[in-house]
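Beneath this line is the structure, given in structure tokens, with notes to follow.
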Amino acid sequence: MTRSSNGRSGDRDGVRSGDRGGIRNGERDDGQGGVRADDPRAPDPQEDAVSGVQRFYARSAAVLAERYESVSFETVHRDVLHLLPGAPARAADIGAGTGRDAAALARRGYDVVAVEPVRELRQVARRLHDDVPVAWLPGALPALTPLTGSFDLILLSAVWMHLDEAEREPAMRRLHDLLAPSGRLFVSLRHGPLPEDRRMFDVSAEETAATAGRCGLRVIHTGANGDELGRDEVHWSRLVLEKGRI
């Protein structure tokens with residue numbers, strides 16, 4: 001198992017307090033079976049457990065895209081690039097946002113499926129990255145119903161901390177089942193003050209590793225990073241998990 005503590009993270013957390021008329025760090029709403037974000041019947045922004053999204057991401061897609069796309073895949077994930085399986089391989093980016101990472105993986109030669117529950121973010125992703133062969137699908141953990149088959153690489157960047165305690169183990173088992181033998185799951189976790197405008201939990205790397213272990217995944221890397229977007233109060237944990245060979 002490798003460990004690292006250098007670097008800064010620019011994962012998909014994105015908008016500072018004060019941006020866009022008081023919007024803080026964002027989450028999302030729209031997607032599978034959910035009410036549209038601009039519908040007056042839309043759920044409270046704190047939670048929509050069925051669709052896996054919250055309204056912030058839907059209404060803030062444009063400004064979030066500017067944030068996410070300002071930092072490269074290679075910068076955000078530089079500590080774990082050496083652990084990526086060799087291309088070509090099948091990859092899934094779960095909670096793909098505006099598509100930065102999915103597009104980068106496709107350019108590296110991977111066969112990429114990007115899953116994002118927010119329609120507005122999927123639209124931005126297609127527009128920004130229409131030059132790469134990525135399949136853009138709706139969906140959310142823990143079910144991930146659009147995904148079938150097995151993947152050599154699954155990326156879960158700044159997503160896991162949006163799941164509550166009851167959702168995490170079913171979600172990890174689903175990810176385990178989607179991984180091919182020796183497949184790798186890349187997870188980043190946000191730590192810092194919890195925003196009031198979205199559903200988020202402070203989930204430790206230790207808890208995540210323990211959940212992974214119960215679900216048949218072993219930790220091959222742990223790391224700690226600052227925040228690539230320059231927020232002093234935010235820091236990140238990073239785990240790489242591997243499924244055993246049959």
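As the structure is a prediction and not an experimental result, all values here were calculated from the model.
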When you check the side-chain N and O atoms of [X] and [Y], is any donor under 3.5 Å from an acceptor?
X	Y	result
Asp101	His77	yes
His191	Asp202	yes
Thr208	Thr211	no
Glu69	His129	yes

Can you confirm if the NZ or CZ of Arg100 lies within 45° of the ring axis of Tyr68 and under 6.0 Å from the centre of its six-membered ring?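 No, cation not above the ring by the 6.0 Å, 45° rule.
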
Side-chain contact, heavy-atom cut-off 4.5 Å: Glu116 with Asp93?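 In short, these two side chains do not touch, never coming nearer than 4.5 Å.
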
Does the side chain of Lys243 reach to within under 4.5 Å of the side chain of Ser182, using non-hydrogen atoms? no

Write down the atom of Arg190, the atom of Pro195, and the distance for their closest heavy-atom approach. NH1-CD, 4.0 Å

For Ala102 and Ala114, the nearest pair of non-hydrogen atoms, with its separation, is CB-CB, 3.8 Å

So does [Y] get a backbone contact from the side chain of [X], meaning a donor-acceptor N/O pair under 3.5 Å?
X	Y	value
Arg168	Leu163	yes
Glu167	Asp164	yes
Asp111	Ala89	no
Tyr110	Asp152	no
Ser72	Thr75	yes
Arg238	Ala224	no

Might you confirm whether atom CD of Glu165 has over 12 heavy atoms from other residues, nucleotides or ligands at distances under 6.0 Å?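 Incorrect, the count does not exceed 12.
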
Can you tell me if CD on Gln123 sees more than 12 non-hydrogen neighbours from other groups inside 6.0 Å? yes

Check the pair Trp160 / Leu175 against side chain to side chain contact (heavy atoms under 4.5 Å, CB included), numbers first and verdict last. CA-CA 12 Å; Trp160 192 250; Leu175 293 165; 4.0 Å; yes

Could you check Glu74 against Arg108 for salt bridge (Lys or Arg N to Asp or Glu O under 4.0 Å), going step by step and ending with a plain yes or no? CA-CA 11 Å; Glu74 287 75 16; Arg108 285 170 167 259; 3.5 Å; yes

Would you give the length of the straight line joining atom CZ of Arg184 to atom CG of Leu217, rounded to the nearest 0.5 angstrom? 12.5 Å

